K.L.:
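The following block contains the structure, expressed as structure tokens.
The model shown is predicted, which means the values in this text are computed figures rather than measured ones.
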Amino acid sequence: MTPQKLDFIFPFIVFLYGLIVVFVLETPFLVKIGQEKMGTAFQNLARHKSLAWICFFVGGLWAAQNIWHSSL
């Protein structure tokens with residue numbers, strides 16, 4: 001894998017991490033299941049909520065920028 005291809009793919013990975021964690025932590029049904037079944041592991045995940053929001057927005061904008069520049 002070339003550095004250019006990795007540079008193109010990495011923002012999508014950041015965005016997907018943010019999307020998945022935000023989806024899990026903001027869906028009441030999943031939060032309830034996580035608190036009941038996972039306990040402290042879910043609390044550790046909940047600590048990443050602000051990082052997930054940052055990754056969601058920054059990764060999304062970064063990926064959009066890569067798509068924009070690759071189409072030019």
K.L.:
Is there a side-chain contact between W53 and E26 in this structure, where contact means two heavy atoms from C-beta onward sitting under 4.5 Å apart?
P.N.:
yes

K.L.:
Less than 4.5 Å apart, side chain to side chain, heavy atoms only: is that true for I67 and F12?
P.N.:
yes

K.L.:
Minimum heavy-atom separation for L45 and V24, please, with both atom names.
P.N.:
CD2-CG1, 4.2 Å

K.L.:
With clusters defined by side-chain heavy atoms of hydrophobic residues (ILVMFWY) lying less than 4.5 Å apart, directly or transitively, does L16 cluster with F56?
P.N.:
yes

K.L.:
Check whether T2 reaches the backbone of K5 with its side chain - one donor and one acceptor, N or O, closer than 3.5 Å.
P.N.:
yes

K.L.:
Is there a side-chain contact between F42 and I33 (heavy atoms, below 4.5 Å)?
P.N.:
no

K.L.:
For side chain to side chain contact (heavy atoms under 4.5 Å, CB included), just list the numbers for V22 and K49, CA-CA rounded to whole Å, side-chain angles, deciding distance to a tenth of an Å, and then say yes or no.
P.N.:
CA-CA 7 Å; V22 165; K49 190 174 190 176; over 6 Å; no

K.L.:
Show the nearest heavy-atom pair for residues R47 and N44, with the distance to one decimal.
P.N.:
NH1-OD1, 2.9 Å

K.L.:
Quickly, which of F10, F8, W68 forms a ring pair (Phe, Tyr, Trp, His ring centres under 6.0 Å) with W62? Name it, please.
P.N.:
F10

K.L.:
Out of the candidates L19, V14, I20, V21, only one should pair with Y17 under the side chain to side chain contact (heavy atoms under 4.5 Å, CB included) rule; please name it.
P.N.:
V21

K.L.:
Determine, using the 4.5 Å side-chain heavy-atom cutoff (strictly less than), whether V58 and F23 are members of one ILVMFWY cluster.
P.N.:
no

K.L.:
Atom CG in L25, atom CG in L30: separation rounded to 0.5 Å?
P.N.:
9.5 Å

K.L.:
Is any side-chain heavy atom of C55 closer than 4.5 Å to a side-chain heavy atom of F15?
P.N.:
no

